[in-house]
Protein chains: 2
Amino acid sequence: MPKSKRLLELMMTVNRKRKFTVKELAQEFGVSTRTMLRDLQELSELGVPLYSEVGPHGGYQVLKERILPPIAFSEEEAVAMFFAVYALRHYSSLPFETESASALDKFYLHMSGDVRDRIDQMKNRVDFVTPTRQQESPFLSILLEAAVQQKVLLIEYESRGDEACRHIQPIGIYANNGLWFCPAYCFLRKDFRIFRCDRIHSASFDTEGTEPMDLRHVHLGNRESFFRTEKAITGLYADLSQKGVQMCEAVLWLGSHLHVREDGTGWLEGPIPQNDLAFYARFFIGLGNEATVKQPAELISYMKRLFAEIMSKYD
Amino acid sequence: MPKSKRLLELMMTVNRKRKFTVKELAQEFGVSTRTMLRDLQELSELGVPLYSEVGPHGGYQVLKERILPPIAFSEEEAVAMFFAVYALRHYSSLPFETESASALDKFYLHMSGDVRDRIDQMKNRVDFVTPTRQQESPFLSILLEAAVQQKVLLIEYESRGDEACRHIQPIGIYANNGLWFCPAYCFLRKDFRIFRCDRIHSASFDTEGTEPMDLRHVHLGNRESFFRTEKAITGLYADLSQKGVQMCEAVLWLGSHLHVREDGTGWLEGPIPQNDLAFYARFFIGLGNEATVKQPAELISYMKRLFAEIMSKYD
DNA sequence: TGATTTCGTGACAATTATTGTCACTATTAT
DNA sequence: ATAATAGTGACAATAATTGTCACGAAATCA
């Protein structure tokens, strides 16, 4: 095999194996150890971060930095990748230890001039906004680790001003609207709960030997089905004006409930959990006179009660 | 220069130049044209998408696919990049023509086994949620292009059920909460306006010769200062219960107005534009009895009027 | 301690790959 | 037609690559 190709293959091979000896690779590539040594030195010069130790159980290692073999990206793809990573700058906390900024710099630096120009031109013209929050979430890494490794955590959690310790087993973390959430099994409540990560004031692996649940099959994609054990369901129906429709369109969690007529007006229809009546009451009051709730009666009476309470404040 | 190094340099050079002739490169690298031909063929075999045309003004070209030279990413960086791009899957529309999915696949495929394992483990455990909408925004590309190239567009825009043509000059596009928005100069209103991209029903470059404004200095980062020419400002003060504080924390646009006391209660204080009273009224009504507005009087009376209207519906 | 394993380096001849040259073909724009 | 360009094949000259051997240095282990 000609040297030029061997070097490229070698690059991929050393990335695959984390650890190896010169002899081992020499045999694999069918060259002498001397040649392999020379090749490895060349790779080193080309920037592959190799590290070696002598002695038995010694050998070569690729340091944590990995060389990504040359990948063919189309210009569009490269630009899309750039902006995807660029969007992460809005997050004050991330579950990845290193700053994604460093990845971005490398990526940017390695791209050819005109792609870079293109990006510069677009940099202030496209954005994926995420509201920036003051709240920091310092325990994202450990929460994620616990989710991946199925471990139990002991956390201090602030809820309504109180602080309490809880044993939880995270099933993942997700960012929504600039805040991080952690759905987890709560050993205190013996059920699944969602925790807001910025309210977690400490987190450490459980040392009291709480037996982890087998939650490998529960993940962010299917957690809904484990959560939504809502018992009581009730039917909602509400009329919407044109403006009401527009306001509802901008609201995420009622996507499928919204129906629009030709003239722009519409209605909301669908089942809602009884427990959330308070939430829906507030929502519809917020819509003001752009919405008229027809059903369920409980919701209407709840809204009236709420009215009375609020009104009393302003008299 | 040894061949192996020459090939790597060549790879980067052909990426820099879009177009070149064999002779040109041969001179640059100090080899014969024959050798350069052989090298180019090798590059081709290695996956660089080269294309050639004979004849005067012919020559070699690299097709739109670009080879990314080997980059050293740390494992953390690669993982962060993966999830950044992975998050784009939530968007039903993107301003980039190709699917970012293809970039993701390539990236994933080229990573070594254990990084891939790590990603697989994390895939269902981390997410950057963006509400998925039904609304498609098919004109993102042209809006972006117009913003970058300072061009005027003619759009059909739906506003409150009506549809109207407008000449606009976009200054950028951004996604927020799953919806795309386009701040732009509106030649109809002779001022800056924000357009919701899914309400744009057609868009094409202006052919009537509308003279573009010089908006090179206006971009997503500083547009606020051009927009916020709100005239009337008024002072807001509202008390919040513990729960009220928590609800406000989850709301983005009043970040700096929120103050929290030791005991978890708090207050909102700060200037708000007179025009937005209607909006704030709805918001505070939505907070129910967790908030008590003290100032301004106009807001309180607005809220009362709104109450009356709503109440009349349910009696 | 001494045997063993491993990386690391230098020298040199044998072997191979690489290169340049030349002669030629094919295509295309002017 | 002419000139510019890619593309191919053959072959000798050249230069890079390779293997071998000899040796050093560091670490582990019995």
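Every chain is numbered from 1, with letters handed out A, B, ... down the list of sequences. Remember, predicted model here, so these are calculated numbers, not experimental data.
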Using only side-chain N and O atoms of [X], determine if any of them is under 4.0 Å from OP1 or OP2 of [N].
X: A:His57; N: C:dT4; result: no
X: B:Thr33; N: D:dA6; result: no
X: A:Arg34; N: C:dG10; result: no
X: B:Thr35; N: C:dT18; result: no
X: B:Ser32; N: C:dT19; result: no

Could you tell me how far apart [X] ([atom1]) and [N] ([atom2]) are, to the nearest whole angstrom?
X: A:Phe20; N: C:dT6; atom1: CZ; atom2: P; result: 14 Å
X: A:Tyr51; N: D:dA27; atom1: OH; atom2: C1'; result: 12 Å
X: B:Glu53; N: D:dT5; atom1: CD; atom2: C1'; result: 10 Å
X: A:Phe29; N: D:dT18; atom1: CZ; atom2: P; result: 12 Å
X: B:Lys23; N: C:dT21; atom1: NZ; atom2: P; result: 14 Å
X: B:Gln27; N: C:dG20; atom1: CD; atom2: P; result: 13 Å
X: A:Leu7; N: D:dA16; atom1: CG; atom2: P; result: 15 Å
X: A:Lys5; N: C:dA17; atom1: NZ; atom2: P; result: 12 Å

For this session: Determine the interplanar angle of the A:Tyr108 and A:Phe82 rings, folded into 0 to 90°, and report it as parallel if under 30°, tilted if 30 to 60°, perpendicular if over 60°.
Result: tilted
Seminar exercise, completed: Heavy-atom nearest nucleotide on DNA chain D taken for A:Val54 and for A:Glu42; more 5' hit belongs to A:Glu42
Exercise. Quick check, are the ring centers of A:Trp180 and B:Phe128 under 6.0 angstrom apart?
Worked result: yes
Exercise. Out of D:dA4, C:dC7, D:dA6, which has the shortest distance to the side chain of B:Pro56?
Worked result: D:dA4
Seminar exercise, completed: With the side chain defined as heavy atoms from C-beta on, B:Ser52 is closest, among D:dT17, D:dA6, C:dC7, to D:dA6
Exercise. Of A:Gly55 and A:Lys3, whose nearest nucleotide on DNA chain C comes first from the 5' end?
Worked result: A:Gly55
Problem set entry | 5' priority, DNA chain C, between A:Leu37 and B:Arg6 [closest heavy atom] | A:Leu37
Problem set entry | Closest non-hydrogen atom pair, A:Tyr51 against A:Glu53 | OH-OE2, 3.0 Å
Problem set entry | Heavy atoms from other residues, nucleotides or ligands near NZ of B:Lys19 exceed 12 (cutoff 6.0 Å) | yes
Problem set entry | Donor-acceptor pair under 3.5 Å, B:Arg38 side chain vs C:dG20 base | yes
For this session: Show your reasoning for whether salt bridge (charged side-chain N to carboxylate O under 4.0 Å, His left out) applies to A:Asp120 and A:Arg118.
Result: CA-CA 5 Å; A:Asp120 284 336; A:Arg118 175 109 183 279; over 6 Å; no
